[in-house]
Amino acid sequence: MAERRHAGRPAAPGVVVGPLVVWRPANAGKAARAEGGGEVRRLAAACAAVRRDLLVLGDQGDRLAAEVLEFQREFLADPEFLGAVEEAMGRGVSAAVAVREVLDGHIAQFRAEEDEYFRARGEDLADLRDHLLATLDGRRDPPPALPEGAVVVASELTPSRFLALDRRRLGGVALEGGSVSGHVAMLARARGLPMVVGLGRVAAAAGEAALDGDEGLLVLDPSPRTRARMAARRRSLEEERRSLPARSAGGYRTADGERVEIRINVEDPAALDEEAVRFADGAGLVRTEFLFLGRPELPDEERQYRTYRDLLARFAGKPVRLRTLDIGGDKPLPGITEEEANPFLGLRGIRLGLARPRLLETQLRAMLRAARHGPLEIMLPMVTLPAELEAVRAMLGRLREELASGGEPVPLPPLGMMVEVPAAALDLERFSADFFSIGSNDLVQYVMAAARDAAGPVAELLDPLHPAVLRLVAEVVQVGARRNVPVSLCGEMAGDPAALERLLALGLRSISVAPSALARAAAVIGRFGAEDHGGRS
Ligand code: PEP
Ligand code: MG
């Protein structure tokens with residue numbers, strides 16, 4: 001049978017090939033009708049059974065798992081919760097209807113919270129509700145028996161269902177729905193288990209599966225070639241991960257001892273891999289869009305401040321480069337961005353920030369206040385003209401004075417810019433930035449006149465190794481060296497081994513990559529040696 005590929009989103013890194021197990025637990029849907037006086041006893045028995053389950057699941061020696069289950073146990077034991085359920089039952093509804101009614105109310109409240117932590121708690125409660133309802137209905141949905149190294153496919157998985165799977169035999173998890181930042185993805189990352197979410201319907205019942213948690217890919221009935229490739233990748237990934245602590249000790253270096261900085265890109269702190277945080281030289285690009293996109297309302301200054309401060313704490317003294325909001329283009333924000341015929345060429349990034357100064361000022365104030373807590377850097381996206389950078393510098397000065405006169409003195413963090421618009425790359429001498437970071441994803445699309453989300457023949461033009469792109473990268477590296485301004489590159493290109501070698505050969509000595517690409521980048525840098533400086537200028 002020919003292999004079938006399903007593309008989703010990477011949720012936990014790693015690669016596995018193993019037997020496919022599809023788990024479709026019965027839906028805890030309709031609740032039973034009232035059955036008179038027996039309902040109270042049924043409820044008590046179901047609560048006791050669920051409590052026992054949670055105690056058994058809790059014994060897994062893993063902090064996050066213990067936290068989730070403890071929260072569920074406490075909720076279940078809360079007299080207020082039981083009181084509310086019994087009160088609803090007093091109106092004549094069944095235990096199941098009452099449980100659903102009461103818990104749905106709490107779940108809705110948690111889900112409406114802005115804070116990721118509380119939203120995840122909403123998922124934990126939905127998990128508890130389904131567990132209780134299934135128990136009340138006598139449908140206990142035992143987890144499937146797993147063969148060694150199983151790749152489990154499910155539509156969604158709740159934390160308790162995930163934890164019920166045999167940990168020693170589980171090889172990876174592939175979800176048709178799911179979220180990158182939910183508790184199940186966090187548990188998978190904490191356990192080093194590859195996971196992919198958002199695959200859409202997977203029509204399969206059995207067979208073999210290859211799961212790539214770095215690329216976000218599930219391959220059913222993989223061909224011998226795919227299998228061999230995945231197995232080889234798995235071996236080399238394991239080797240690279242094992243050698244990461246040793247490579248990072250004393251700083252990442254090329255084979256001939258030159259120091260190369262490797263930072264990581266942060267999409268969403270809730271989904272950030274702890275190991276990558278520990279071994280990276282810092283955060284080279286924090287895409288602050290996660291605070292704005294998919295939220296019911298804009299984050300206020302306080303919420304932003306707390307998020308930036310917490311991120312600095314996680315990086316424990318290492319530099320954190322926060323990019324101001326980069327919406328527009330392929331990242332519209334309803335109510336803020338406008339419909340444009342050519343959104344990639346329109347009001348995006350810093351252009352939008354300067355056109356909507358209140359939005360930008362709120363973000364800059366939050367960043368300035370957070371800068372008291374660690375080495376924070378501010379980076380601007382889509383800068384085209386020196387005047388844009390200067391306008392933000394002036395804004396920062398003014399905001400800092402305001403904070404000082406309000407009794408809150410703050411340091412002035414370095415202010416740098418993404419180099420992703422060809423006009424800026426070609427005219428870099430005129431920009432007085434404190435650092436440059438090449439945004440190769442956008443630079444390639446603007447140099448090649450090929451949209452970064454293009455498909456088909458246009459997508460083939462998106463070649464970061466095209467001589468025109470490399471010439472600009474080389475030019476930026478040279479301007480930085482001449483003027484003593486640090487230069488980095490934070491586009492996907494730095495995570496690709498072949499492209500990284502070219503970048504090193506051009507003299508680049510600082511990159512920022514996706515967390516899942518850290519170990520590989522470290523290995524490529526470690527191999528880059530004295531005999532191979534061919535293209536270096
Ligand atoms: C880039 O353009 O290369 C980049 C790193 O930023 P983003 O992908 O967020 O546009
Ligand atoms: Mg960009």
Side-chain angles (χ1 to χ4, degrees), residues 9-10 180 216 261-269 271-272 280 282-294 320-333 337 342-353 363 377-384 388-389 416-425 428 433 435-454 459 461-466 468-470 472-473 476-477 486-496 499-500 502-503 506 508 510-518 521:
R9 275 172 294 136
V180 171
E261 181 188 48
I262 318 180
R263 299 198 198 180
I264 51 172
N265 295 348
V266 179
E267 295 280 342
D268 180 351
L272 197 51
L285 162 64
V286 179
R287 292 183 164 103
T288 59
E289 296 80 69
F290 74 87
L291 276 161
F292 295 79
L293 299 172
V320 172
R321 186 169 286 179
L322 299 176
R323 183 175 69 184
T324 60
L325 187 59
D326 184 22
I327 55 170
D330 55 343
K331 290 173 279 193
L333 183 59
T337 54
N342 288 306
F344 279 127
L345 303 179
L347 199 60
R348 64 167 289 204
I350 198 59
R351 302 171 183 179
L352 185 80
Q363 187 168 35
E377 303 165 351
I378 300 178
M379 175 156 73
L380 308 180
M382 275 296 282
V383 175
T384 311
E388 293 163 343
L389 183 69
M417 60 185 262
M418 304 271 304
V419 182
E420 51 188 351
V421 176
L428 210 56
F435 58 85
F436 298 122
S437 188
I438 301 169
S440 53
N441 306 339
D442 277 310
L443 188 63
V444 172
Q445 84 159 338
Y446 294 128
V447 169
M448 303 303 292
R452 59 192 278 177
D453 57 1
L461 289 169
L462 290 165
D463 175 13
L465 297 181
H466 188 282
V469 177
L470 291 180
L472 283 181
V473 171
V476 176
V477 171
V487 174
S488 189
L489 185 143
C490 57
E492 299 305 316
M493 173 180 189
D496 175 73
L500 176 53
R502 298 294 291 272
L503 294 171
L506 291 175
L508 190 73
S510 171
I511 56 169
S512 189
V513 295
S516 59
L518 174 65

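Counting starts at 1 for both ligands and their atoms, in listed order.
In this structure, E289 has no heavy atom closer than 4.0 Å to ligand 1. Distances shorter than 4.0 angstrom occur between a heavy atom of R323 and an atom of ligand 1.
Counting the atoms of ligand 1 from 1 in the order shown, those under 4.0 Å from a heavy atom of C490 are 5 (C). Taking every heavy atom of S440 and a limit of under 4.0 angstrom, the matching atoms of ligand 1 come to 3 (O). Listed by atom number, the atoms of ligand 1 under 4.0 Å from G439 heavy atoms are 1 (C), 2 (O), 3 (O). Distances below 4.0 Å separate heavy atoms of D326 from the following atoms of ligand 1: 10 (O). Residue contact check: E420 has heavy atoms under 4.0 Å from atoms 1 (C), 2 (O) of ligand 1.
Looking at Q363 and T288, their side chains do bring a donor and an acceptor atom within 3.5 Å of each other.
N441 N, 2.7 Å is the protein heavy atom nearest to atom 3 (O) of ligand 1.
Looking at L443 against ligand 1, nothing comes within 4.0 Å, counting heavy atoms. Heavy atoms of L285 found under 4.0 angstrom from ligand 1 belong exclusively to the side chain.
Looking only at side-chain heavy atoms (C-beta outward), E289 and R323 come within less than 4.5 Å of each other. Counting heavy atoms from C-beta on, the side chains of I327 and L352 come closer than 4.5 Å. At least one side-chain heavy atom of R351 sits under 4.5 Å from a side-chain heavy atom of T384. By the 4.5 Å heavy-atom criterion applied to side chains, M382 and D326 are counted as neighbours. For the pair F290/P269, a side-chain contact is recorded, criterion being any heavy-atom separation below 4.5 Å from C-beta on.
Among the backbone and side-chain atoms of E420, an N/O/S atom is found under 2.8 Å from the Mg ion (ligand 2).
The closest approach of D442 to the Mg ion (ligand 2), by N/O/S atoms, is made by OD2.
For atom 10 (O) of ligand 1, the candidate residues are R452, M379, Q445; the nearest heavy-atom contact is made by R452. By heavy-atom distance, the residue among R348, R287, E267 lying nearest atom 7 (P) of ligand 1 is R287.
Relative to the ring axis of F435, R321 places its NZ or CZ within 45° and under 6.0 Å from the centre.
Taking a cutoff of 4.0 Å between a charged side-chain nitrogen and a carboxylate oxygen, E377 and R263 qualify as a salt bridge.
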- [ ] Apply the test side chain to side chain contact (heavy atoms under 4.5 Å, CB included) to residues L322 and M379: give CA-CA distance (whole Å), side-chain angles for both, the deciding distance (0.1 Å), then the verdict.
- [x] CA-CA 6 Å; L322 299 176; M379 175 156 73; over 6 Å; no
